[in-house]
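What you see is a predicted model, and the numbers here were worked out from it, not measured in a lab. Letters A, B, ... mirror the listed sequences (proteins, then strands); counts begin at 1.
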Number of protein chains: 2
Amino acid sequence: MSTPRQSRADRRRATETRILDGARELFSEKGFDRTTIRAVATAAGVDPALVMQYFGSKRELFTQAVQAFPELPTATDTDALVDQLLATLDIKLGGLPEGTLVMLRSMLTDPAAADHVRVTLDRQIDGVSAALPAAEDAELRAALFVTALLGVTIGHQFLRLDVLRDAPADRIAALLRPAFKALAEPQG
Amino acid sequence: MSTPRQSRADRRRATETRILDGARELFSEKGFDRTTIRAVATAAGVDPALVMQYFGSKRELFTQAVQAFPELPTATDTDALVDQLLATLDIKLGGLPEGTLVMLRSMLTDPAAADHVRVTLDRQIDGVSAALPAAEDAELRAALFVTALLGVTIGHQFLRLDVLRDAPADRIAALLRPAFKALAEPQG
DNA sequence: TAAGTGAGTCAACACGTGTTGAGCGAATCG
DNA sequence: CGATTCGCTCAACACGTGTTGACTCACTTA
């Protein structure tokens with residue numbers, strides 16, 4: 001055969017994404033420390049040395065496995081903002097991209113991941129704050145929105161609290177709506 | 001000298017707590033995986049082997065370093081409950097006992113810690129739920145209270161978001177109060 | 001077809017880890 | 001005082017880790 005079924009470049013790209021996919025899954029399940037290069041290699045059906053050769057280091061692999069998602073609110077009035085924030089619950093409870101889970105999973109034990117989360121949340125807080133009625137506390141209020149949602153997400157996704165997992169996302173959103181509206185009002 | 005300045009039992013108890021204190025500090029700072037027996041031993045000015053001899057294993061040391069605290073609400077009407085929940089913010093933002101930080105720090109990466117947190121939160125949710133006006137969603141509402149507070153705590157204590165750290169606890173409580181009241185009402 | 005490139009493997013190193021058993025020496029006890 | 005307990009240290013083992021360099025061989029290219 002003079003023509004291979006797959007070009008060398010194609011093979012390379014294929015195994016590279018196979019490694020990255022396995023890494024994302026493992027990192028998001030077990031966190032940075034407990035994920036081993038060897039396990040990633042095995043998941044990708046490849047030799048550990050190849051993972052190093054392609055990504056240079058475990059850290060670098062981790063960095064590539066994470067990808068930020070801005071997910072900034074575009075609303076400008078309060079009601080729309082609350083609706084928009086609550087709409088993200090659909091995603092946060094069940095449909096979060098694995099690259100995000102990677103980041104969240106390790107944020108409490110890996111300083112690099114913590115930094116990443118911190119700047120991401122700061123960006124979100126700025127975005128929410130901008131959509132809030134002007135007040136001295138807009139930024140603080142925004143931070144409470146964002147961290148409250150973070151807490152619910154953690155309870156659902158990582159702690160797997162039954163009470164949360166048994167409730168449909170829109171029921172949760174319905175309960176949260178009045179609370180969020182109250183939090184958005186400058187003089188609650 | 002026939003009488004030593006410290007009895008053998010006293011010495012033993014002293015170094016035991018010295019080890020436990022060092023362990024709590026390190027576990028709460030770096031989490032389970034990144035805390036080494038050697039580091040704990042050094043912090044306590046003691047040989048690593050002694051830590052093993054006294055506590056049996058790293059896991060057992062970790063378990064002893066954590067101690068649960070119920071912190072269940074005793075209120076029976078809604079307003080008192082909200083006040084009581086908000087009062088815990090003083091503690092949650094800055095004054096959390098190290099044994100609790102230990103637990104929280106590792107909950108995303110260590111399954112045993114995750115279990116511990118899950119049952120603790122479940123207990124809190126039950127407590128809050130009991131103090132809520134009877135409704136089908138009382139338990140779910142309670143879970144949202146608890147996880148929202150968890151999120152704020154994480155943002156403050158672990159992610160160290162400036163917006164939260166710069167705000168006094170009572171300001172945060174004041175902003176949260178109307179939101180929590182709305183969340184407590186059966187038909188918001 | 002012959003030289004060269006590069007995907008992928010193999011075996012090993014250096015290191016840090018939890019954990020163990022033998023031993024020392026001071027406090028206890030009869 | 002002599003025997004013994006026990007707090008504590010020392011040195012080591014066994015293992016898993018990230019990482020490396022030499023190597024093989026299928027594909028590419030001239």
Side-chain angles (χ1 to χ4, degrees), chain A residues 1-24 26-27 29-65 102 106 109-113, chain B residues 1-24 26-27 29-65 102 106 109-113:
Chain A
M1 310 244 192
S2 54
T3 316
R5 30 186 4 121
Q6 236 182 2
S7 79
R8 192 138 70 170
D10 283 348
R11 258 194 88 68
R12 160 91 189 219
R13 224 170 312 122
T15 61
E16 224 167 32
T17 65
R18 211 164 359 109
I19 291 173
L20 219 41
D21 286 350
R24 251 190 292 269
L26 287 169
F27 278 136
E29 266 176 17
K30 317 169 78 86
F32 181 82
D33 290 325
R34 293 192 175 179
T35 297
T36 77
I37 295 275
R38 281 168 168 85
V40 171
T42 302
V46 135
D47 190 275
L50 193 67
V51 178
M52 295 301 298
Q53 195 176 142
Y54 283 177
F55 295 90
S57 71
K58 185 184 178 181
R59 258 269 91 82
E60 186 58 29
L61 177 63
F62 181 80
T63 305
Q64 303 242 2
V102 168
S106 294
T109 37
D110 183 73
Chain B
M1 310 238 190
S2 54
T3 317
R5 29 188 3 123
Q6 237 184 1
S7 79
R8 192 138 69 173
D10 284 347
R11 259 194 87 70
R12 160 91 188 221
R13 224 171 310 124
T15 60
E16 224 168 32
T17 64
R18 214 168 350 116
I19 292 172
L20 218 40
D21 286 349
R24 250 190 293 270
L26 287 169
F27 277 137
E29 264 175 20
K30 318 170 76 82
F32 181 83
D33 289 325
R34 291 191 177 179
T35 297
T36 76
I37 294 276
R38 281 167 168 84
V40 172
T42 301
V46 134
D47 191 274
L50 193 67
V51 178
M52 296 301 298
Q53 195 177 138
Y54 283 177
F55 294 92
S57 72
K58 184 184 179 180
R59 256 269 91 82
E60 186 59 28
L61 177 63
F62 181 80
T63 305
Q64 303 243 2
V102 167
S106 294
T109 36
D110 183 72

Rounded to the Å, how far apart are [X] [atom1] and [N] [atom2]?
| X | N | atom1 | atom2 | answer |
| --- | --- | --- | --- | --- |
| A:Ile37 | C:dG8 | CD1 | C1' | 16 Å |
| A:Glu60 | D:dT20 | CD | P | 13 Å |
| B:Arg34 | C:dG18 | CZ | C1' | 18 Å |
| A:Met52 | C:dG8 | CE | C1' | 15 Å |
| B:Leu61 | C:dT17 | CG | P | 15 Å |
| A:Lys30 | D:dT17 | NZ | P | 11 Å |
| B:Arg59 | C:dT17 | CZ | P | 17 Å |

Considering only distance and modelled atom types, tabulate donor-acceptor pairs under 3.5 Å from the side chains of residues 42-50 of chain B, sequence neighbours left out.
| residue | atom | partner | partner atom | Å |
| --- | --- | --- | --- | --- |
| B:Thr42 | OG1 | B:Arg38 | O | 3.0 |
| B:Asp47 | OD1 | B:Ala49 | N | 2.8 |

Practice problem: Answer yes or no for A:Arg24 and A:Phe27: cation-pi contact, defined as NZ/CZ to six-membered ring centre under 6.0 Å and angle to ring axis within 45°. | Solution: no
[X]: which residues meet the side chain to side chain donor-acceptor pair (under 3.5 Å) condition with it, sequence neighbours left out?
| X | answer |
| --- | --- |
| A:Arg18 | none |
| B:Arg12 | B:Glu16 |
| B:Glu60 | B:Gln64 |

Quiz item: Could you write nucleotides 3-12 of chain D as a row of B, S and -, 5' to 3', where a protein heavy atom under 4.0 Å of any base atom gives B, of only sugar-phosphate atoms gives S, and otherwise -?
Solution: --BBSBBB-B
Quiz item: B:Asp33: what forms a side-chain contact (heavy atoms from CB on, under 4.5 Å) with it, not counting sequence neighbours?
Solution: A:Asp33, A:Arg34
